[in-house]
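These numbers come from the heavy atoms of this one structure, side chains and all, not from hydrogens, waters or symmetry mates. A, B, ... follow the sequence lines: proteins, then strands. Residue 1 opens every chain.
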Number of protein chains: 2
Amino acid sequence: MHDVARLAGVSIKTVSNVVNDYNHIRPETRKRVLDAIETLGYRPNLSARGLRSGRTGVISLIIPDLRNAYFAELADAVMRAADTQNLSVIIEQSGDSRERELSLLTGPRRQMVDGILYSVLALGEDDAHLLDAIDTPMVLLGERIFHGPTDHVTMRNTEGARAATEHLISLGRTRIVALGAHRGEVVGSAGLRLRGYRQALDDAGLPYDEALVGEVGGWYRKEGADAMRRLVASGVPFDGVVAFNDLIALGAMRVMQEAGLSIPADVAVIGFDDIDETRYTLPSLSTINPGREEIAEVAVRLLMERIASPGVAIAPREHLSAFTVVPRESSAAV
Amino acid sequence: MHDVARLAGVSIKTVSNVVNDYNHIRPETRKRVLDAIETLGYRPNLSARGLRSGRTGVISLIIPDLRNAYFAELADAVMRAADTQNLSVIIEQSGDSRERELSLLTGPRRQMVDGILYSVLALGEDDAHLLDAIDTPMVLLGERIFHGPTDHVTMRNTEGARAATEHLISLGRTRIVALGAHRGEVVGSAGLRLRGYRQALDDAGLPYDEALVGEVGGWYRKEGADAMRRLVASGVPFDGVVAFNDLIALGAMRVMQEAGLSIPADVAVIGFDDIDETRYTLPSLSTINPGREEIAEVAVRLLMERIASPGVAIAPREHLSAFTVVPRESSAAV
DNA sequence: GCGGAGAGTTCCAACGTTGTAATGTGCGTA
DNA sequence: TACGCACATTACAACGTTGGAACTCTCCGC
């Protein structure tokens, strides 16, 4: 920067002003400085800038696991949204571990980022107070904590699950399986989606049958396959499946097909998340598009607002993205 | 840090020494400092450290697209490897664009990272000289540039493709399709894998038939499906498919199944990459495991070595990871 | 009792930038 | 002519840390 200043014949601060788009600079001076920057190939030192200004231009995204397509696509959307704001994104994987989620929130790396997008998985509503102590701007994603001290962006889980269930009901299905429940959970995605499922049944005057609720430990293919295997083995008849995410649906579809069930003729299936893969499976999977782009954009925007006004207490905000039902072959009319 | 020093009754530099595990510190002093750090909740300012020491503890990983499961899993492996070295990872998506790849390599954010893991896609062998000008430590992943000035870590593409092809040949298949070629390409993954395919045919005394080579524009499900659709429409008979990655294989499988072809009875299929999904498709997909963990670990290690000895010219190193053939249902003996 | 080695600690400066306040310039108006 | 004001630029200090040199203290051998 000193070199640039010398070459352009101005003070070092003027160079800084040019770089930071300060208002009052004569066009001619600006050009001279920019030329010098060009000739010398000068790049600002971001550590120094971070030290002096208190901003690093980096946010961190805490997600459970990138190998889960939902989170990979979420990360993709977040990175695109961040890119438009000239932010870099550090991704940190919490790996479904409560301990690790906490250590990521409090560890020294927090020092390096201006804000945190935190996709909560292991912490629960009761842990909301733990977030009070964290002064880094933060926006929560997901369904585990609703009334914390931070902003919260997510999808309409209950409404989405209700719409999915209604979709199958509209096809004439009456014995519809819910796949992906977590025992006893009320608040998380599983609890909310189960509630939506139940609402749709109630509205249609269909009975809620516990035997049709498949519980799982995690939301991956394997768990979906396992739960479906148990269900098939149990002999309980069913003609529709609302899976609480696409991976569960795919795992279950595979088991049903092995068991000789035809989709959608025997069983209509709908998933949740609209991951890319669902377009190419056989049959292609109907699903709920949760509005990932909207979630990412809003989350980044809210975070930026907090970052831009440090020290200002902003009341927690909540944003629920719009979802859409995406009908595909797995729930086509027969 | 000043506060910690005051509370512990030592100088600020001693605190720094404790934090940085300097050798000569009396255990008692160390304890006093650590206690003070604990009480005050002190966290080092990473920007300041970065400014002073020239290291940020962050590396960047440039990949084409996180929505591609291969790169998501690669990113996952890299982040795990980086984590063991206390490194953070900034992921940047180049989106298959040459322009963007270049701007990521030269942009101001480079200033923020100690090193770059660069999964080359758009640049080619002829662009290797562009890397000369970049002084940030760098390790290349992938197949586009082999003789650049940097380290290079990748898999044994040709050998892997040959093993995949041999696997199908060992099942008695003789009209084997290669799916995923890029017109005219010699060096990239597509070119190398095509070479392996051809070697296997030659070794087995099978003819190389251009009609069995399916060219694609990209390595996604859609392109695999499209290529297979053309092949089926062409009426050329075939009984095996070596796809150059799993997504292509999955797209192609879907089209074959729609066309009434049974896998593996009519057509045996093997892919490349061993992404998680391949375990759960119907049928499950045989594939080549490229040794992703090994690639990630070695790449991070080589990068760390370069970072640790700044200014020292290290001759470019090349590491080829071990691969394995993973036989699954799509190539089961009938 | 003295010199010397080395452990343990401290002092000082510097990393490259930006916020604040101050200074310098030109112009219209009293 | 003097004044105020807006624009344009600059001087200086400070952000929090660490490298390096310097200092003190302890212990050992002679």
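For A/Met1, the listed nucleotide lying nearest its side chain is C/dT18; candidates were D/dT17, C/dT18, D/dG16.
Note that the two end axes of the helix from C/dG1-D/dC30 to C/dA30-D/dT1 enclose an angle of 50°, each drawn from 5 base pairs, rounded to 10 degrees.
The separation between B/Asn20 atom CG and D/dG20 atom C1' is 14 Å, rounded to whole Å. D/dT17 atom P lies 8 Å from atom NE2 of B/His2, rounded to whole Å. Rounded to an integer number of Å, the gap from CD of B/Gln111 to C1' of C/dT17 is 12 Å. Rounding to whole angstrom units, CG of residue B/Asn45 and C1' of D/dT17 are separated by 8 Å. A/Leu46 places its CG atom 18 Å from the P atom of C/dC15, with the value rounded to the nearest Å. Between B/Glu28 atom CD and D/dC25 atom P the separation is 16 Å, expressed in whole Å. Spacing between atom CG of B/Leu51 and atom P of D/dC15 amounts to 13 Å, rounded to whole angstrom units.
Taking the side chain as every heavy atom from C-beta outward, B/Gln93 and B/Phe71 never approach each other to under 4.5 Å. Counting heavy atoms from C-beta outward, B/Trp219 and B/Ser189 have side chains that approach closer than 4.5 Å. In this structure the side chain of A/Tyr42 never reaches within 4.5 angstrom of the side chain of A/Asp3, judged on heavy atoms. At least one side-chain heavy atom of A/Val18 sits less than 4.5 Å from a side-chain heavy atom of A/Leu34.
No donor-acceptor pair closer than 3.5 Å links the side chain of B/Gln85 to the backbone N or O of B/Met304. Under the 3.5 Å distance criterion, the side-chain polar atoms of B/Asp151 are left unmatched by any main-chain donor or acceptor of B/Val139.
The shortest distance between the side-chain N/O atoms of B/Ser16 and the OP1/OP2 oxygens of D/dT18 is below 4.0 Å.
Residues A/Arg110 and A/Thr136 bring a donor and an acceptor atom of their side chains to less than 3.5 Å of each other.
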Name the pairs: protein N/O against N/O of nucleotides 8-14 of chain C, kept only if under 3.5 Å.
unit_1, atom_1, unit_2, atom_2, d
C/dG8, O3', B/Arg26, NH2, 3.4
C/dT9, OP1, B/Thr29, OG1, 2.3
C/dT9, OP2, B/Arg26, N, 3.2
C/dT10, OP1, B/Ser11, N, 3.4
C/dT10, OP2, B/Ser11, N, 2.7
C/dT10, OP2, B/Ser11, OG, 3.0
C/dT10, OP2, B/Thr14, OG1, 2.5
C/dA14, N3, B/Arg52, NH1, 3.2

>> Could you go through A/Glu297 and A/Arg301, starting from their C-alpha distance and side-chain angles, then the distance that decides it, and tell me whether this counts as salt bridge (Lys or Arg N to Asp or Glu O under 4.0 Å)?
In response: CA-CA 6 Å; A/Glu297 273 162 30; A/Arg301 185 163 53 72; over 6 Å; no
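The residues B/Asp76 and A/Arg67 are annotated as salt-bridged, a charged nitrogen and a carboxylate oxygen being separated by less than 4.0 angstrom.
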